[in-house]
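The structure appears below as structure tokens.
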Amino acid sequence: MDSIKIEQLLKDRDFDLRLELLAGENGLDRRVVSSRIQKPGLALSGFTEHIHKDRLQVFGNTEISYLATLRHDEALKRVRDLFRLPIACLVVTKNLPVEDWVKREANDARVLQEALTASTSVHGVLIDVIGVGVLILGKSGIGKSELALDLVTRGHRLVADDIVDLKKKQGGSVYGSGSEIIKHHMEIRGIGIINIKDLFGVSAVRERKKVEMVVELVEWDDKVEYDRLGVEEQKYTILDIEVPLLVIPVRPGRNLTTIVEVAARNHLLKLQGHHSAKEFQEKLSREIAQATLTRGIGDEVE
């Protein structure tokens, strides 16, 4: 291959570059003609003689930090001078913050600007439950896949089983997907590997989903006092992003599928401003306060 369009780098999953378009959409037809990359640190200082044409340029922490030391007008001039050169595109690594004015300059110059976003993988199951991305965690053999399979039979959608690839997005959200090799597949002990898409149809799966809730399955322990009110909300941190966490103890007789469905519906209610547990607690506190006040008035009359 003599060259490759920038657009193909974004779309072709075989590259696994995990790139996100930030600006310069009109420059997607530009081509990279060299497999070598370049760090344009000297170019930012004003020496642009050795910037190579049609080569991918990379901004890391050094370049971003250097721009931050300059006055805005000077930083603007340095970036504008760089974008006037015939570069293929600019990649900003490590999910570093990119100023809006840099994006505007990239758009004006038709330079594609991208970010290599933070990513990780976890052992679990990601499923879309009535539009809520639920990441199910727990030790091996506790029943994560069986729970997900039951949810699928109720009309919910599988995103990934066993290994969930997680990627941090701009704006403070995390999206999960399955790997190319095992996506749409699920391992059920006693049956083996099954293909959810083939068994239940395309509507039973989806490629990726935002993680909005984490459900951790744990073995029931009579010595542990589990949350019975739900007033205090727990959090689970993924790639420095906090999402709601529910710890659900597992024991025979508990309908985990219904519990997860209700948890997803309750999450949607909270997003609409209705927190059932807190509203109940506030109502109970008002009733207790009113009863105390009434008894106090009665005592004074006597």
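By convention here, the first residue in the shown sequence is residue 1.
The two atoms that bring G124 and V164 nearest to each other are O-CG2, 3.6 Å, heavy atoms only. Between I130 and E261 the shortest heavy-atom distance is CD1-O, 4.4 Å. Between G138 and H123, the shortest heavy-atom distance links the atoms O-CD2, 4.5 Å. Between E212 and G131, the shortest heavy-atom distance links the atoms OE2-O, 3.3 Å. Here the shortest heavy-atom pairing between S121 and D165 reads OG-OD1, 2.7 Å. The two atoms that bring Y175 and K210 nearest to each other are CD2-N, 3.4 Å, heavy atoms only.
The closest donor-acceptor contact from the side chain of D161 to the backbone of E187 lies under 3.5 Å.
Counting non-hydrogen atoms of neighbouring residues, nucleotides and ligands closer than 6.0 angstrom, the CZ atom of R154 exceeds 12 such neighbours.
Contact annotation: the side chain of E99 approaches that of V102 to within less than 4.5 Å [non-hydrogen atoms, C-beta and beyond]. By the 4.5 Å heavy-atom criterion applied to side chains, L217 and V215 are counted as neighbours. By the 4.5 Å heavy-atom criterion applied to side chains, L135 and V125 are not counted as neighbours. Looking only at side-chain heavy atoms (C-beta outward), L82 and V79 stay at 4.5 Å or farther from each other. In this structure, K183 and E207 have side chains that are in contact, with non-hydrogen atoms separated by less than 4.5 Å. Annotation: side chain of W220 is not in contact with side chain of V250 (no heavy-atom distance under 4.5 Å). Looking at heavy atoms from C-beta onward, N61 lies out of side-chain contact with Y66 at the 4.5 angstrom threshold.
The line from CD1 of I194 to OG of S145 is 8.5 Å long, rounded to the nearest 0.5 Å. Put simply, CG on N266 and CD1 on I259 are 12.5 Å apart, with the number rounded to the nearest 0.5 Å. Of the inter-residue distances, the one linking Q57 atom CD with C89 atom SG reads 8.5 Å to the nearest 0.5 angstrom. Note that the NZ atom of K197 and the OG atom of S203 stand 11.0 Å from one another [nearest 0.5 Å]. The NZ atom of K167 sits 15.5 Å away from atom CD1 of I238, with the distance rounded to the nearest 0.5 Å. Distance CE/M186 to CG/D162: 10.5 Å, rounded to 0.5 Å.
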Using the side-chain contact (heavy atoms from CB on, under 4.5 Å) rule, take L149 and I196 through it: C-alpha gap first, then chi angles, then the decisive distance, then the call.
CA-CA 9 Å; L149 180 60; I196 296 299; 4.0 Å; yes

Evaluate the salt bridge (Lys or Arg N to Asp or Glu O under 4.0 Å) criterion for residues K77 and D81: first the C-alpha distance (whole Å), next the side-chain angles of each, then the deciding distance (0.1 Å), finally the verdict.
CA-CA 6 Å; K77 180 181 182 302; D81 288 345; 3.0 Å; yes

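In the hydrophobic clustering of this structure, I193 does not group with L158; members are Ile, Leu, Val, Met, Phe, Trp, Tyr whose side-chain heavy atoms approach within less than 4.5 Å, directly or through other members. The same ILVMFWY cluster, assembled from side-chain heavy atoms under 4.5 Å apart, contains both V218 and L137. Cluster annotation: V174 is not connected to I136 through the hydrophobic network of ILVMFWY side chains, with a link wherever side-chain heavy atoms come within less than 4.5 Å. Taken together through direct or relayed side-chain contacts under 4.5 Å among Ile, Leu, Val, Met, Phe, Trp and Tyr, L151 and V211 form parts of separate hydrophobic clusters. Under the 4.5 Å side-chain heavy-atom criterion for Ile, Leu, Val, Met, Phe, Trp and Tyr, V152 and L256 are members of the same hydrophobic cluster.
Residues meeting the side-chain contact (heavy atoms from CB on, under 4.5 Å) test with I64, sequence neighbours left out: F59, V92, L96. Every side-chain contact (heavy atoms from CB on, under 4.5 Å) that D198 has, sequence neighbours left out, goes to N195. With sequence neighbours left out, V159 forms a side-chain contact (heavy atoms from CB on, under 4.5 Å) with L126, R206, K209. Remark: E74 pairs with R78 by the side chain to side chain donor-acceptor pair (under 3.5 Å) rule, at least two apart or across chains. The side-chain contact (heavy atoms from CB on, under 4.5 Å) search around T62 returns none, not counting sequence neighbours. By the salt bridge (charged side-chain N to carboxylate O under 4.0 Å, His left out) test, R71 is found to be paired with D73, residues two or more places apart in sequence or in another chain being considered. When the side chain to side chain donor-acceptor pair (under 3.5 Å) test is applied to H267, no partner is found at least two apart in sequence or on another chain. By the side chain to side chain donor-acceptor pair (under 3.5 Å) test, R80 is found to be paired with E105, residues two or more places apart in sequence or in another chain being considered. Under the side chain to side chain donor-acceptor pair (under 3.5 Å) criterion, E216 pairs with no residue, sequence neighbours left out.
The hydrophobic cluster around I181 extends to I163, I182, counting ILVMFWY residues whose side-chain heavy atoms fall within less than 4.5 Å of a member.
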Counting only pairs under 3.5 Å, give me each side-chain donor-acceptor contact of residues 240-249, with atom names and distances, residues two or more places apart or in other chains.
none

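Within the structure, salt bridge (charged side-chain N to carboxylate O under 4.0 Å, His left out) pairs that include any residue of residues 133-147 comprise K139-E219 (at least two apart or interchain).
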